[in-house]
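The sequence lines fix the lettering, A, B, ..., with proteins before strands; numbering per chain opens at 1.
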Amino acid sequence: MPDPLPRSFYARSALVVARELLGAQLVRIEAGQPRVAGLIVETEAYSGADDLASHGRKRITPRNQPMYGQPGLTYVYLSRGIHPMLNVVAEPEGSPGAVLIRAIRPLEGLDVIAQRRAGRLLHEWTSGPARLTMALAITKAHNQLDVTTTAGGLWIEPGEPISDEAVRTSPRIGLGKTPEPWLSIPWRWYVADDKFVSR
DNA sequence: CCGAGGATTATCT
DNA sequence: GATAATCCTCGGA
């Protein structure tokens, strides 16, 4: 197995990290369970204190503090009081940035995922930020976990590089009444024609 | 303190 | 397509 992507990979602009995370492998290991892994096929970047769609906007708060911290750690928060969202912190320490992992294509541990997503169609298993955290059993407890080592049971390693021809961008999803230009800026990246990309 | 409002999903019509 | 679920964060008083 390849080594996890190093911290230097994440210590760059969240926009670059979001693009290059496409095709990387998200890996999850739990005690007594087989390895569960999937190819990242959809990401969003949240970058800078002036990005009004980002939790990192304006200033540090108890919740968004990880976004200002060390790159290569997770930032997991609860959406709608129910759904954990998995982000990886990007940009150097002190600069608020993160990449939201919105969808993966399951590669390993399909039986474990099938059990957690019982009753859903295959393409609904991991095609959305909350769906993927359910499939991998990721919760708020995994906030600020280091994904550059395998020690925490959750990490990211190189997978299949995705060519520019296969990459699409769009505005970010679910931003509600975020003002322009943040509402429409194309900071979502996804793999074209992949059925695991969210609607 | 208090209240408004989510980086969503599942379910129902 | 519309809406409930569900709870925590953050801004304002």
Output a table of nitrogen or oxygen pairs between the protein and nucleotides 11-13 of chain C separated by less than 3.5 Å.
| unit_1 | atom_1 | unit_2 | atom_2 | d |
| --- | --- | --- | --- | --- |
| C/dG11 | OP2 | A/R59 | NH2 | 2.6 |

- Message: Taking the basic N atoms (NZ, or NE/NH1/NH2) and the acidic carboxylate oxygens, is any pair closer than 4.0 Å for A/R116 and A/E30?
- Response: yes
For [X] and [N], what is the distance between atoms [atom1] and [atom2] respectively, to the nearest whole Å?
| X | N | atom1 | atom2 | result |
| --- | --- | --- | --- | --- |
| A/L78 | C/dT9 | CG | P | 8 Å |
| A/I173 | B/dG6 | CD1 | C1' | 15 Å |
| A/L132 | B/dA7 | CG | C1' | 13 Å |
| A/W125 | B/dA10 | CH2 | P | 14 Å |
| A/M134 | C/dA5 | CE | P | 17 Å |
| A/L121 | B/dT9 | CG | P | 15 Å |
| A/I60 | C/dT9 | CD1 | P | 16 Å |
| A/R120 | B/dA10 | CZ | C1' | 8 Å |

- Determine whether the side chains of A/H123 and A/R105 contain a donor N or O and an acceptor N or O closer than 3.5 Å. no
- Message: Is it true that A/T126 and A/R131 share a donor-acceptor pair across their side chains at a distance under 3.5 Å?
- Response: no
- Between A/L39, A/V147, A/L86, which is the residue that forms a side-chain contact (heavy atoms from CB on, under 4.5 Å) with A/L26?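 It is A/L86, the one option of A/L39, A/V147, A/L86 that forms the side-chain contact (heavy atoms from CB on, under 4.5 Å) with A/L26.
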- Item | Single hit among A/M67, A/M85, A/H142 for side-chain contact (heavy atoms from CB on, under 4.5 Å) with A/Y75 | A/M67
Near-strand residues of [range], defined as heavy-atom separation under 4.0 angstrom from DNA chain B:
| range | value |
| --- | --- |
| residues 182-199 of chain A | A/R199 |
| residues 81-99 of chain A | A/G81, A/H83, A/M85, A/N87 |
| residues 38-50 of chain A | A/Y46 |

Is [Y] close to [X] at the side-chain level, that is, under 4.5 Å between some pair of heavy atoms?
| X | Y | value |
| --- | --- | --- |
| A/L78 | A/P84 | yes |
| A/I40 | A/Q25 | no |
| A/L22 | A/V167 | yes |

- Message: Heavy atoms only, 4.0 Å cut-off, all strands: where does A/A53 land among base, sugar-phosphate and nothing?
- Response: base
- Query: Hey, does A/G176 reach any base, or is it just sugar-phosphate, or nothing, if we go heavy atoms under 4.0 Å?
  - Reply: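 If one applies the 4.0 Å heavy-atom cut-off, A/G176 turns out to touch nothing in the nucleic acid.
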- Note on the structure: The dot-bracket string of DNA chain C, counting Watson-Crick and G-U wobble pairs with both distances under 3.5 Å, using [ ] for crossing pairs and | for pairs to another strand, is |||||.||||||.
- State the CD-CG distance between A/E44 and A/L21, to the nearest 0.5 angstrom. 13.0 Å
- Item | Straight-line distance of A/T61 OG1 to A/Y68 OH, nearest 0.5 Å | 8.0 Å
- Closest to the A/K140 side chain: B/dT9, B/dA10, C/dC8?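 For A/K140, the side-chain atoms sit closest to C/dC8.
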- Item | Side chain of A/R80 (C-beta onward), nearest among B/dA7, C/dC10, C/dA5 | C/dA5
- Task: For B/dC2 versus C/dT6, give the span between their P atoms, rounded off to a whole number of Å.
- Result: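 Here B/dC2 and C/dT6 have their P atoms 23 Å from each other.
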- May I ask you to check if A/R12 and A/F9 form a cation-pi contact, with NZ or CZ under 6.0 angstrom from the six-membered ring centre and within 45° of the axis?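 Yes, a cation-pi geometry.
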- Query: Within 45° of the axis and under 6.0 Å from the centre of the six-membered ring of A/Y46, does NZ or CZ of A/R172 qualify?
  - Reply: yes
- Could you check A/Q144 against A/T74 for side-chain hydrogen bond (donor to acceptor under 3.5 Å, both in side chains), going step by step and ending with a plain yes or no? CA-CA 5 Å; A/Q144 291 191 280; A/T74 58; over 6 Å; no
- Message: Is A/R63 close enough to B/dA7 that one of its side-chain N or O atoms is under 4.0 Å from OP1 or OP2 there?
- Response: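 Result: no.
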- Task: Determine: side-chain N/O of A/H55 to OP1/OP2 of C/dT9, distance under 4.0 Å, yes or no.
- Result: no
With a cut-off of 3.5 Å and sequence neighbours excluded, list every side-chain donor-acceptor pair involving residues 154-162 of chain A.
| unit_1 | atom_1 | unit_2 | atom_2 | d |
| --- | --- | --- | --- | --- |
| A/W155 | NE1 | A/E157 | OE1 | 3.0 |
| A/E157 | OE2 | A/R35 | NH2 | 2.9 |

